[in-house]
Amino acid sequence: MTVKVNNLNWKIGGEAGYGILSAGEIFAYACAHGGLETFAYLEYPSLIRGGHNTYQVLVREDNVQSHSSQVDLLVALNKETIDRHLTEVVKDGALVYDSNEKDLRDYVCSRADAGCLGVPLEDLTKQAGGEKVMRNMVAVGVSFGLVKYPYDFIVELIDQVFSKKGAKMVQLNQAAAKAGYDYAQTNFAEKFDYQLKVKLNKDQRMLINGNEAIALGAIKAGLKFYAAYPMTPATSILHYLVAQERDYKLVVKQTEDEIAAMNMVVGASFAGVRSMTATSGGGFALMSEALGLAGMTECGTVVVIAQRPGPATGLPTWTEQGDLRFALHAGQGDFPRVVLAPGDPEECFYMTFQAHNLADKYQLPVIVLTDKYMAEARQTVPFFNTESLKLDRGELADTSKLSADARFARYAMTPSGVSQRSIPSQPGGVFAVNSDEHDDTGMANEEADTRQAQMDKRMKKLQALRSEIQEPVKLYGPKEAEVTLVGWGSTKGPILEAMKKSKNINFLQIRCLEPFPVKEVDTVLRQAKRRVLIENNYSGQLGGLIRERTGIDITDKFLKYDGRPIHPEEIITYVNS
Amino acid sequence: MSTVKDFETSQFPTWCPGCGDFGIWTALKNAFVEQGLLPHQTCVVFGIGCSGNMASFLNVYGFHGLHGRSIPVATGIKLANHKLPVVAIGGDGDGYGIGLGHLIHAMRRNVDITYVVHNNQIYGLTKGQTSPTSEHGLVTKSTPFGAIEMPIDPIALAIDVGATYVARGFSGNAKQLTELIIGGMKHKGFALIDVMQPCVTYNHLNTFHWFYQRLYELDKEGHDPADKAKAWARAMEWPTQLKVDENRVDRIPTGLFYQESRATYTDELPQLSDQALVEQTLGNIQIEPLMKKIS
């Protein structure tokens, strides 16, 4: 049998409270530290104790873009994990389970084509001096022992993760992992044909998720004020930013609700600082009126929507792309907005940076649309290249040219629709921001000509802005192909993974949804031989948008709306069907 | 030095002749002038309602936002620039109805904002419906058989949830109101100034005459605003839990009920100790240390 080197999909499962997340992160980071390309994805229910959790890590020598539904090594801390996931194990893969578990003591595996390795996880934990809860570390040790990965990486990771809890905890967890590692080497030396080997990289790498990348992009862009109400899956942006509050001199405010968050962000923008909020669909519903306020008052702000399945509370901890239309149309009346749709953590970083520049330069709300899958899945990426990133705060009024005798024409007519803004306390810049229709100094005005002129001024900004969106679409794969896949957001990873299995597919990724890149989309789709829409929602919202803006009706669609991300294997099956 | 004229715009107020809002407008301008503020050094945030329309009549850095949301906007401004004096203006519908949640949190947060509420106990701009401070039994367009709910007591509420400056003014007493606004703006922390402001068009019960018969000034009766228990007792005097009765004679206290010294929200943020957020220069922000932590 040939040994598969550096190509492993590992998955661990158990009840919430079993330490699935920490086991998963230690496994993933240990692989990443060894220079391997890693993609880590977790699933968990909306509760704190009980319920079924999994963490899966796809590890390769190079280029891994998404998770995979085909598991090579399944680690089960309970029977439910086997019941739910054994069918995902590939031929010649293996199952590791805790033979001490009450309902697994007499377990007989139904898979003759895969290894079934019972390990007394609880006994090993106790022999190592640990508590039952440390079974997760024994399991990590067993996993790395099976693939003969250097033990040093686990030691280092456990040290990092548990050092806050004290030296005793570090030592116990390391002993637990060692017990598992040795057990696997002694008992299963030839039972598993996979191996992970350390690889040397020239560049520095991170194992980063979308939310962290967004937070970093915002900090790099000079974010000074962040207000939010906790809502899965956006909450970790709040946690990340507040931890940097003092080092980077930001103010991060948890608010009483999302209405307050959005209004505060608009207020801070008016006062002259870069501001941002993040939420999911439910919170964004509460923000809708103030989103329009930002549009009407021309206060540039950035709003991140990390989508989860709706409507209402929906599936709080699962994924969907069901809010595209909502992001495009939220708020009463017509006002200009930008909607950006990054497809992976790298794009999350660069597009959030750009979002802040666009918000300032064009004085409008900019929405960054992600989802649970992208927000929380981790991926190895090189350190972001920040040298070329330049801040652009747009048209700021020059105090020396302002008159103290007259009100400032904040909403003056200009060819681009963008007018200069003054900052409160700036001499000569006095004006009113007004959510009522207003004249050029912000005084309420209901005259027909003023209304029409101000509407035209605001909407005109989208024209100039259009040319500034970097790569509103991206085409991957051959220019001409038998099949052209069309998608947006986090389906990018699974689609690119799927494309590795076929040379005859290309992929049009739409990265900017508003202003919609009509020409770019039309050009690619008109000449496509077979167009296939890939979306993680029920109604094919991007498909509807493409039809609306280009007249092209894509009838060949793969839509998934069960709360789970699209697997690369499903795309392959659909395209070949 | 500024004058009252500096704080006026080319638009004369569109309020009904005799409206209590005029008195508040006057007191605000006086308060700004007496503190030596210039229009560009002053920021006022408005809600929606007759009071909010003042955004077009007051020459300051103004923000006329959404109904009920003046407090969060003012909070965002204050956190971005805590050196800027920020006043928020709203009505009883705006502040005690749709925006009440924000008000409670702003008070416990002790963010340094002065909130002046035009409390006319009725909805004016929507033409005469009941308000959260309408008296029990008041007949309005939306309560033709009399208001069923008890009125909110903003003074008691503010003392209870931790506001550090709690006052009631009257739009017919511009001198006292000016002093209360100056006091609120000088106070470090959240100041609630509830201003009884008769609506001459829609509230035919709580008229100027009605108030003149009942009002008295706390400081003239030796009230000590540092005494929370006594402040509470004074707050209990009005609004009463009794039904509407034109001949009922209550005593309605005005002036400063309660004041305490407590660190403001921004005092607690060390990152604001030397510079306001807006004063920071945005150079080349280094994120390498953060990237290393994620690697």
Side-chain angles (χ1 to χ4, degrees), chain A residues 32 204-208 212 216 219-222 224-225 227 244-246 248-251 253 255-257 259-261 263-275 289-290 293 297 383-384 386 391 393 404 407 423-436 442-444, chain B residues 9-11 38-46 48 52-53 55-81 83-84 101-102 104-105 266 269-272 275-278 280 282 284-292 294-295:
Chain A
Q204 283 185 292
R205 277 158 187 259
M206 296 174 277
L207 184 59
I208 191 170
E212 288 165 350
L216 282 183
I219 290 173
K220 180 68 193 167
K224 285 294 133 199
F225 182 72
Q244 321 309 331
E245 200 182 33
R246 294 183 179 184
Y248 284 85
K249 295 201 170 184
L250 335 165
V251 170
K253 184 77 201 85
T255 56
E256 58 270 25
D257 54 36
I259 298 174
N263 278 281
M264 279 192 199
V265 158
V266 173
S269 164
F270 162 68
V273 304
R274 288 199 155 174
S275 62
E289 193 185 18
L293 176 69
T297 60
F383 271 29
F384 300 129
T386 59
L391 296 191
R393 303 239 37 208
R407 274 167 77 84
I423 306 293
S425 83
Q426 187 174 6
V430 168
F431 76 102
V433 152
N434 207 328
S435 71
D436 280 276
M443 287 202 278
Chain B
T9 67
S10 58
Q11 273 191 28
L38 296 170
H40 76 269
Q41 297 164 330
T42 316
C43 183
V44 183
V45 183
F46 303 87
I48 296 293
N53 287 349
S56 296
F57 321 140
L58 202 62
N59 189 43
V60 291
Y61 272 102
F63 193 117
H64 191 198
L66 299 170
H67 192 31
R69 315 301 168 204
S70 62
I71 293 287
V73 169
T75 305
I77 295 169
K78 193 73 193 182
L79 294 177
N81 185 359
K83 296 178 181 174
L84 182 72
H102 304 308
I104 288 171
H105 292 285
T266 47
L269 300 173
Q271 63 270 40
L272 298 182
Q275 277 183 319
L277 292 180
V278 71
Q280 292 182 34
L282 302 180
N284 184 14
I285 298 158
Q286 295 298 327
I287 59 165
E288 278 66 24
L290 297 178
M291 292 199 284
K292 281 200 177 112
I294 303 174
S295 65

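Lettering follows sequence order; numbering is per chain, from 1.
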[X] versus chain A, the contacting section by heavy-atom distance below 4.5 Å:
| X | result |
| --- | --- |
| B/His102 | both |
| B/Pro270 | side chain |
| B/Leu38 | neither |
| B/Gln286 | backbone |
| B/Ile48 | side chain |

Going from [atom1] on [X] to [atom2] on [Y], what distance comes out if it is rounded to the nearest 0.5 angstrom?
| X | Y | atom1 | atom2 | value |
| --- | --- | --- | --- | --- |
| A/Asn263 | B/Phe63 | CG | CZ | 7.5 Å |
| A/Ser425 | B/His40 | OG | NE2 | 6.5 Å |
| A/Lys249 | B/Leu272 | NZ | CG | 9.0 Å |
| A/Asn434 | B/Phe46 | CG | CZ | 9.5 Å |

Counting heavy-atom pairs under 4.5 Å with chain A, which one of [options] comes out on top?
| options | value |
| --- | --- |
| B/Gln275, B/Arg69, B/Lys78, B/Lys292 | B/Arg69 |
| B/Val278, B/Leu277, B/Leu282 | B/Leu277 |
| B/Leu84, B/Leu290, B/Thr75, B/Leu79 | B/Leu290 |
| B/Asn81, B/Ile287, B/Val73, B/Leu66 | B/Leu66 |
| B/Thr9, B/Ile294, B/Ile285 | B/Ile294 |
| B/Gly65, B/Gly68, B/Ala55, B/Pro39 | B/Gly65 |

For [X], is it the side chain, the backbone, both or neither that has a heavy atom under 4.5 Å from a heavy atom of chain B?
| X | answer |
| --- | --- |
| A/Ala227 | neither |
| A/Leu391 | side chain |
| A/Glu212 | side chain |
| A/Leu250 | backbone |
| A/Val265 | neither |

Original post:
Which atom pair, heavy atoms only, marks the closest approach of B/Asn284 to A/Lys220?
Top reply: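 So the minimum-distance heavy-atom pair works out to OD1-NZ, 2.7 Å.
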- [ ] Taking all heavy atoms of A/Phe384 and all of B/Met291, pick out the closest pair and write down the distance.
- [x]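 Heavy atoms of A/Phe384 and B/Met291 come nearest at N-SD, 3.4 Å.
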Looking at [options], which one has more heavy-atom pairs under 4.5 Å with chain B than the rest?
| options | value |
| --- | --- |
| A/Gly272, A/Pro424, A/Ala404, A/Ala444 | A/Pro424 |
| A/Gln244, A/Gln204, A/Arg274, A/Lys253 | A/Lys253 |
| A/Ala290, A/Ala261, A/Ala271 | A/Ala271 |
| A/Thr255, A/Asp257, A/Thr297 | A/Asp257 |
| A/Ser269, A/Gly222, A/Pro427 | A/Pro427 |
| A/Ile259, A/Ile208, A/Thr386 | A/Ile259 |

List the steps, then state whether side chain to side chain contact (heavy atoms under 4.5 Å, CB included) holds for B/Ser56 with A/Asp436.
CA-CA 10 Å; B/Ser56 296; A/Asp436 280 276; over 6 Å; no
Side chains of B/Gln280 and A/Lys224: do they bring a donor and an acceptor to under 3.5 Å?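 Short answer, yes.
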Report yes if the side chains of [X] and [Y] come closer than 4.5 Å at any heavy-atom pair, otherwise no.
| X | Y | value |
| --- | --- | --- |
| B/Ser295 | A/Arg205 | no |
| B/Cys43 | A/Phe270 | yes |
| B/Gln271 | A/Tyr248 | no |

Would A/Met443 and B/Ser10 count as a side chain to side chain contact (heavy atoms under 4.5 Å, CB included) here? Give the steps. CA-CA 10 Å; A/Met443 287 202 278; B/Ser10 58; 3.5 Å; yes
